Amino acid sequence: MAELLPPTPAETEVERRVRAWAEVQRARGKRVALVTSGGTQVPLEARAVRFLENFSSGRRGAASAERLVQAGYGVCFLHRARSVFPWARALPPYGSSLLDALRVEAGPAPRVTADVDAFPGLVPALQAYRRAKDEDALLPVEFSGLGEYLGLLRAAARALSPLGSSAMFYLAAAVSDFYIPASEMPEHKIQSVDGPLQITMKMVPKMLSPLVKEWAPEAFVISFKLETNPSILVDKARQALEKYRHQVVVANVLDSRRTSVMVVTRDSEMQLSLSDEELTQGVEIEEKIVSHLESRHTAFMEKQPLIRKKVI
Ligand code: 9Z3
């Protein structure tokens, strides 16, 4: 279900958990980022056999979460189940390369060892993950469906609201714009004998509106805008900033999203790109995005007391 209903017990529990974790981060003098990541799945039937899916792998969110932790943020990682996970992406892909990288050392207590030479990024990734875990710098929260995502975003946003301007929202998840309300969904599997399928979907309410106005009104909010047509990208980003009154839109085109993005604010526009040399060195665009947004966040936090004084 995509309508925002009163919080479920599971959402209330997530809100409590995120609030307690955020309080610890604050006591340590850390900023906090809520990173959303991955696509959402929308069922076409109540006992769902079929879903409307999207392309998002979650790599943007996972790579950004790693960088944000490295930059000193506590990161609440609200991600689609089984999408790319911070540091786990250095593991061999699921399948024969994973099985081939592992060996069993026989003996009374058999041990599994990994061939780290085949995966040179694995050791630093495991070390960085272990550090993040020991410092409690990464709080993963999982969603699968669209309704679950919306409810958990609200729960996490409310939990981070007390942090004011030191909370960053980094909304990289690719959230469906369309869904079928529960009341209009067939209960059972749609039958192909009934002929070609026609469905009408409703618009998913944009969560940026209540996020900025109600749930965390003092936070630094970054949304992501995806288009396939580059010629409308910046206009669409500007329209979103006008409409929702948040701070930054990171605009990207599907095919070039790994190498280039536009960072758009109400009064600026900046392209971040990887050079050929950086690409061959394995530099990731998220490194540039996060470092740029971290400085913007600092500037935003420094301005806040002035803005609040003006309002009073
Ligand atoms: C993005 O634009 C992300 O950068 C990507 C990352 C989803 C393209 P991957 O997960 O891809 O690394 O494979 N996210 C937001 C996309 C989105 O749905 N934005 C909404 C829109 O464009 C606005 S909130 O209307």
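Keep in mind it's a predicted model, so treat the numbers as computed, not measured. Just so it is clear, the values below take in all heavy atoms, side chains as well, and ignore hydrogens, waters and symmetry mates. In each ligand, atom 1 is the first atom listed, and ligand 1 is the first ligand listed.
Within the structure, every pair that satisfies the salt bridge (charged side-chain N to carboxylate O under 4.0 Å, His left out) test and touches residues 108-126, not counting sequence neighbours, is listed here: E105-R111. Screening residues 184-193 for side-chain hydrogen bond (donor to acceptor under 3.5 Å, both in side chains) gives R47-E187, E184-K202 as the qualifying pairs, with residues at least two apart or on separate chains. Screening residues 242-254 for side-chain hydrogen bond (donor to acceptor under 3.5 Å, both in side chains), with sequence neighbours left out, gives R60-N252, S223-H246, E242-R245.
Of the residues listed (K288, R296, E294), the one engaging H292 in a side-chain hydrogen bond (donor to acceptor under 3.5 Å, both in side chains) is R296, and it is the only one.
R238 and E269 are joined by a salt bridge, as a carboxylate oxygen and a charged side-chain nitrogen come within less than 4.0 angstrom of each other.
At a heavy-atom cutoff of 4.0 Å, ligand 1 is surrounded by F55, S56, S57, G58, R59, R60, A172, A173, A174, V175, K206, F224, K225, L226, N252, R257, R258.
Once rounded to the nearest 0.5 Å, the distance linking CD of E227 with CG of L254 reads 10.5 Å.
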